[in-house]
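Scope of the values below: all heavy atoms of this structure, side chains included, with no hydrogens, waters or symmetry mates.
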Amino acid sequence: MKFLHVSLLLALASSSKAQCLTSYSFSADSCSMEGLVSSLQAELISTGCSHDAATELQLVFGGNEEIMTTVSEACSAEGYLPFGEITEQGGVFDKEYYDGGTYYNEQRQSKDNNGITINKLSNNPGERIKDIYKNISQSKGITFPDTLTNFEDCDLNAAMCCFVQDRQAGDGNGNCKMPYDERCTDANPADNTDICYVDMARSPTSSRTSGGFALFEGEEEDDSHCHGFAWAEDSTDTSARFKGNNLFYISMYDHLTQRGYARNVPGAPMCGCVEKMPVVTRADCTQIDITEDVTFTYTEADGLSADISNLDINFNACQGANNNDNDLSAYYERLTDEGKIPTEKRDTFEEIVVGKTYCREAIDKFLDDEGLMAKPECKYGYPSECGCPNVNQQDYRGDVAVTKSGKECQAWDDQAPHAHGNTRNNKPNAGLIENYCRNPDNEPEGAWCYTTDPDVRWEYCHVDECGVLPTNAPTTSPTGSRVSECSHEKDQNDYRGDISTTEAGVECQRWDEQSPHRHSRTTASNPSSGLVENYCRNPDGELRAW
């Protein structure tokens with residue numbers, strides 16, 4: 001029985017009945033809500049109870065939250081290893097390690113003046129970490145360090161590490177080689193992602209600043225390696241019960257000790273909740289799989305307890321949605337599809353782990369959210385509204401999605417009715433979003449799109465040229481008003497918006513009317529001033545539009 005169904009049953013259970021069992025003891029497949037409900041249901045059936053396991057739990061323990069807390073406490077009562085015991089160097093050290101700033105991260109193997117090898121990662125901290133991996137992490141729970149700010153309030157149910165340096169040779173990972181002093185001074189890890197940008201406000205205790213950002217456009221960043229994990233909302237789910245083990249395995253055993261990966265992307269933590277990490281294209285992923293023998297026992301005097309034996313914890317590549325394995329986004333999608341993570345969380349997650357061809361779009365959205373924009377391609381450039389003629393409107397990023405003849409545009413991600421090579425993967429910087437008109441291949445007459453008409457492969461779109469007075473589209477556009485809402489000149493002589501009331505709230509007179517006020521500011525005398533309808537303009541050099 002899936003936990004999603006368990007939750008529904010608990011919500012619908014009646015509290016007016018009496019509990020059937022005042023005590024019980026039975027085995028279960030796993031120490032989880034799902035395992036308890038499944039075994040309790042069988043027990044109730046065998047005793048002839050008239051209600052189900054969900055109702056029984058509600059009658060004994062109360063509402064969903066109380067039941068979940070009770071089961072979670074029972075399943076973690078066997079004595080987890082406190083995460084701080086891994087290094088035994090205190091919370092400050094652990095915090096600095098996950099920010100990329102301890103000797104774990106920074107020191108590089110070398111030889112001292114006597115020729116003696118020092119700072120050998122496989123010895124310190126390697127020996128201790130390998131001992132914990134072998135003797136504890138695979139047979140006992142490890143607490144999740146949510147007292148460290150890097151891992152506080154992981155609201156998206158996921159954490160990630162991003163490494164930018166390799167400090168260990170001879171392990172087949174990264175490009176650190178011997179001799180260390182010559183070939184490992186600034187070595188890179190194996191590249192599996194692109195860093196899009198770092199928003200330092202996301203993790204001020206790691207960046208040591210309350211704001212600021214760094215953009216990594218094109219291939220500006222060196223090789224980087226990201227690896228993460230995700231867990232269910234249900235705190236008794238295996239992915240949540242052992243998320244501390246997973247963090248230890250990924251950050252300390254698999255990457256630091258086995259591969260020598262260390263150091264953080266500047267301005268970001270090395271490891272943390274995904275919402276505190278850099279925006280990246282992808283990350284590898286590890287999931288927890290376990291086998292265990294569990295006996296649940298309940299008495300009215302002692303409450304619920306769980307006896308766990310033969311616990312075997314395995315660290316495996318994530319099995320993601322659509323057979324896409326070892327991929328954090330695909331695993332997150334799988335947990336969402338299974339009802340273990342809410343859909344709305346996935347939407348936010350996908351703004352952080354954005355997909356391999358979406359860096360440009362992520363950067364543009366971030367700059368727009370910050371009220372910033374890139375230098376326009378021409379004097380009156382405004383990509384959301386118009387395209388610059390000097391670059392054939394390759395800069396256009398508006399939402400016109402119909403051709404000049406009125407045909408609906410085909411989505412760039414689709415290959416029907418017209419197969420093509422102008423995809424996000426092939427043209428990641430072309431803004432190929434939805435079915436909006438673009439110019440990914442520098443066509444001479446501006447923005448265009450493939451059409452949904454099987455008989456017409458593509459056509460140009462009616463997209464305004466920046467710096468030229470807008471004209472009405474020859475066909476009805478589904479995108480609404482097509483005017484520029486902003487002015488880029490101090491005296492606002494370039495304003496072509498549709499404001500038509502004065503600062504005092506008085507309605508403007510039409511420019512083509514001479515009543516109640518006669519004037520000479522007409523389209524005939526001022527053809528380039530945009531004297532349309534009764535919209536505010538500045539045809540005669542006043543301080544601003546009037």
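D171 and Q258 share no donor-acceptor pair across their side chains, judged by distance under 3.5 Å alone.
Taken as a pair, C388 and C466 fail the criterion of an SG-SG distance shorter than 2.5 angstrom. For the cysteine pair C226 and C162, the distance separating the two SG atoms is below 2.5 Å. Cysteines C409 and C461 have SG atoms no closer than 2.5 angstrom. Sulfur atoms SG of C508 and C536 are positioned 2.5 Å or more apart.
The salt bridge (charged side-chain N to carboxylate O under 4.0 Å, His left out) test applied to E533 returns R510, not counting sequence neighbours. Under the salt bridge (charged side-chain N to carboxylate O under 4.0 Å, His left out) criterion, D289 pairs with no residue, sequence neighbours left out.
Not a single donor-acceptor pair under 3.5 Å links the side chain of H225 to the backbone N or O of N192. Here the side chain of K404 pairs no donor or acceptor atom with the backbone of E459 at under 3.5 angstrom. Under a 3.5 Å cut-off, the side chain of N326 and the backbone N or O of C285 do form a donor-acceptor pair. A donor-acceptor pair under 3.5 Å links the side-chain atoms of Q393 to the main chain of V463, judged by distance alone. In terms of modelled atom types and a separation under 3.5 Å, the side chain of N390 and the main chain of E377 share a donor-acceptor contact. With Q410 contributing its side chain and H418 its backbone, the two residues share a donor-acceptor pair below 3.5 Å. The main-chain N or O of Q319 is found under 3.5 Å from a side-chain atom of Q287 such that the two form a donor-acceptor pair. Judged by distance alone, the side chain of N534 and the main-chain N or O of Q509 form no donor-acceptor pair under 3.5 Å. A donor-acceptor pair under 3.5 Å is formed between the side chain of S224 and the backbone N or O of D222. A side-chain donor-acceptor contact under 3.5 Å links D199 to the backbone of A201.
More than 12 heavy-atom neighbours from other residues, nucleotides or ligands sit within 6.0 angstrom of CD on E344.
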What do the steps show when you test L148 against Y98 for side chain to side chain contact (heavy atoms under 4.5 Å, CB included), and what is the final call?
CA-CA 9 Å; L148 301 180; Y98 283 116; 4.1 Å; yes
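A salt bridge is absent between K365 and E361; no separation between the charged side-chain nitrogens and carboxylate oxygens falls under 4.0 Å. Under 4.0 Å is where a charged nitrogen must lie from a carboxylate oxygen, and between R282 and D284 at least one such pair does. Ionic pairing of R424 and D413 is present here: one or more N-O contacts between side-chain nitrogen and carboxylate oxygen are shorter than 4.0 angstrom. Electrostatic pairing of R544 and E503 counts as a salt bridge here, judged by a charged N lying under 4.0 Å from a carboxylate O. Under a 4.0 Å N-O distance rule, the pair D455/K407 does not qualify as a salt bridge.
For the pair E385 and D464, the minimum side-chain heavy-atom distance is 4.5 Å or more. Side-chain contact between M252 and Y97 is present, with heavy atoms from C-beta onward closer than 4.5 Å. Annotation: side chain of R346 is in contact with side chain of D337 (closest heavy-atom distance under 4.5 Å). Between T281 and Y358, every side-chain heavy-atom pair lies at or beyond the 4.5 Å cut-off.
Between F144 and F151, the distance from one ring center to the other falls under 6.0 angstrom.
Taking all atoms of both residues into account, the shortest heavy-atom contact from D223 to N188 is CB-CB, 3.8 Å.
Applying the side chain to side chain contact (heavy atoms under 4.5 Å, CB included) test between R241 and each of I313, I290, I288 identifies I290 as the sole match.
The aromatic rings of W546 and W511 stand perpendicular to each other, their planes meeting at an angle above 60°, with 30° marking the opposite boundary.
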